[in-house]
Amino acid sequence: MNETDLRRGLDDAVAAGSPPLALDSAGMLAHARRARRVRIAGVSAGSSVLAAAVALGVVLALPGGASSGGVGAAGQPGCQSAAPSPEGTATATKLGKDGKPVPGQPTDAPANAPSGAPACPDPSETEWPDGQTDRTARSGPHFQKGVELQQAATSLLPAGFEAVLPYTQSQFDHYVGEVQVWDTETILGARKAGHTGTVQVENFSADPTSARTPLCKIAANQFGGKPADCKTLSSGGKTVVYFAYPADNDSTQLEQWAAYRAPNGAITFVGQARTFTYQAQRNGRPLTALPFTKSQLLALATNSRLGPG
Amino acid sequence: MSDKDAAFAEYYATRAENMRGTAYLLCGDWHRAEDLVQGAFTKLYLAWERVSRHEVLDAYLRRIIIHSYLDQRRRGWWFRERVSDSLPERAGRTDHTDDRVVLLRALEKVPRRQRAVLVLRYWADLPVEEVARLLDCSPGTVKSQAARGLQTLRELVPDYLPAASTSEGQS
């Protein structure tokens with residue numbers, strides 16, 4: 001395959017399967033107008049200062065990048081926007097929980113940001129919790145939960161296995177009202193006698209918006225597999241969903257996974273594979289058998305040490 | 001309809017298909033592509049007064065689409081799309097529909113930023129410098145990511161030839 005082949009292939013892929021647009025111009029316009037009304041209503045519900053700003057014609061700042069000379073975004077004086085502002089002045093509105101503007105956050109940006117300034121943040125970007133500068137917790141209680149999850153997963157490996165090249169991350173996902181939804185994961189290389197497989201544990205704090213979504217659908221969408229092939233089983237009196245690829249599957253993804261939704265809505269997921277799909281060891285020797293039996297995997301999903309707590 | 005709304009509607013009618021094509025090749029799913037494009041156009045509408053210089057509209061939209069794709073975790077994690085679980089078995093070289101599926105599924109396995117570079121360079125046909133601006137990286141990085149992405153595709157589908165190439169070869 002050369003560059004020309006790829007161009008043709010991509011053209012073909014788009015042209016062949018393209019369904020009609022879901023929205024025509026009128027539909028898109030109506031959709032956009034609704035979004036503007038919602039945004040303005042959100043602003044109006046905020047502080048009177050903010051409402052006054054709307055009345056004066058607040059416009060949203062743009063994401064950064066394409067050209068210099070733009071205006072800055074909220075909290076980011078000196079950043080570049082995608083296009084120059086014809087007016088030279090604008091006010092950005094930072095959105096917070098529930099996608100609503102944060103009262104008091106609009107910030108008058110400098111009219112002429114210096115060339116080479118960093119890109120402005122997307123104005124619809126979620127407000128990071130607890131003073132974080134991005135999604136990942138690098139200290140504090142959520143970071144510590146990641147550390148503990150890695151330790152717990154390591155300690156629960158079957159006898160004879162050691163954990164290698166662990167990858168652990170605790171990251172904020174989104175707000176539901178005032179509630180923070182967090183996603184904490186640890187991926188271990190499970191090594192035994194020079195062969196390495198994968199054990200992945202990931203938990204999600206309770207999210208009321210997904211409480212009625214079938215767990216098989218959630219887990220399959222997140223970790224692969226078909227929801228229709230996901231089975232609902234019992235382990236220690238608790239309901240666990242389970243999925244396994246066929247034995248001859250050569251997918252680079254997890255071969256089996258199990259997921260459990262606790263009564264409080266938190267979800268714990270455990271998956272395993274004979275190969276270690278993490279980049280550094282992709283070409284390593286795979287295990288001859290999965291680290292856990294099916295029943296062990298189901299039990300792990302319900303193990304409170306692997307849950308979000 | 002105001003002048004603004006008329007201009008916006010006209011621009012959507014002109015460019016929505018193209019932008020959705022970019023989004024589709026990135027995420028591998030028409031529905032998700034539709035969501036990405038609608039979200040991008042909605043943001044464009046909200047910022048129309050300041051971005052309606054038409055020479056930057058495309059860049060503005062692409063930037064939103066690309067960064068929404070690269071940061072899927074901004075959306076609820078249960079909404080992340082998966083095109084497929086594995087590459088399909090290939091029976092032969094005559095089924096062009098299968099060729100397209102093979103390419104899309106291989107593309108899904110290319111790391112996200114490399115995939116974005118491939119789509120922007122070889123489908124949107126953007127110059128290296130513009131891809132670099134969109135991805136906030138250097139032109140050198142774009143070149144190396146494109147080379148790596150192409151190499152990854154070659155490894156995944158070593159005998160791939162698009163329908164047009166096959167036809168030409170047979171004629």
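Bear in mind the structure is a predicted one, so any value in this text is a computation, not a measurement. Within every chain, numbering begins at 1; the chains are lettered A, B, ... in the order of the sequence lines, protein sequences first and strands thereafter.
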Is there side-chain contact between [X] and [Y], with heavy atoms separated by less than 4.5 Å?
X: B/His31; Y: A/Pro19; answer: no
X: A/Met28; Y: B/Phe8; answer: yes
X: A/Leu10; Y: B/Leu107; answer: yes
X: A/Val14; Y: B/Trp30; answer: yes
X: A/Leu6; Y: B/Trp123; answer: no

Quiz prompt | Nearest heavy-atom neighbours spanning B/Ala9 and A/Ser25 | solution =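 What the structure gives for the nearest pair is O-OG, 3.1 Å.
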
Quiz item: For B/Leu25 and A/Ala13, which heavy atoms make the closest approach, and how far apart are they?
Solution: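 Between these two residues, the closest heavy atoms are CD2-CB, 4.4 Å.
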
Distance from [X] atom [atom1] to [Y] atom [atom2], nearest 0.5 Å?
X: B/Leu46; Y: A/Arg33; atom1: CG; atom2: CZ; result: 12.5 Å
X: B/Tyr12; Y: A/His31; atom1: OH; atom2: NE2; result: 9.5 Å
X: B/Tyr122; Y: A/Asn2; atom1: OH; atom2: CG; result: 10.0 Å

Quiz item: Checking B/Glu34 against chain A: side chain, backbone, both or neither under 4.5 Å from a heavy atom?
Solution: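 For B/Glu34, the side chain is the part near chain A, not the backbone.
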
Quiz item: Counting only heavy atoms not in B/Glu10, do more than 12 fall under 6.0 Å of its CD?
Solution: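 12 or below, so no.
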
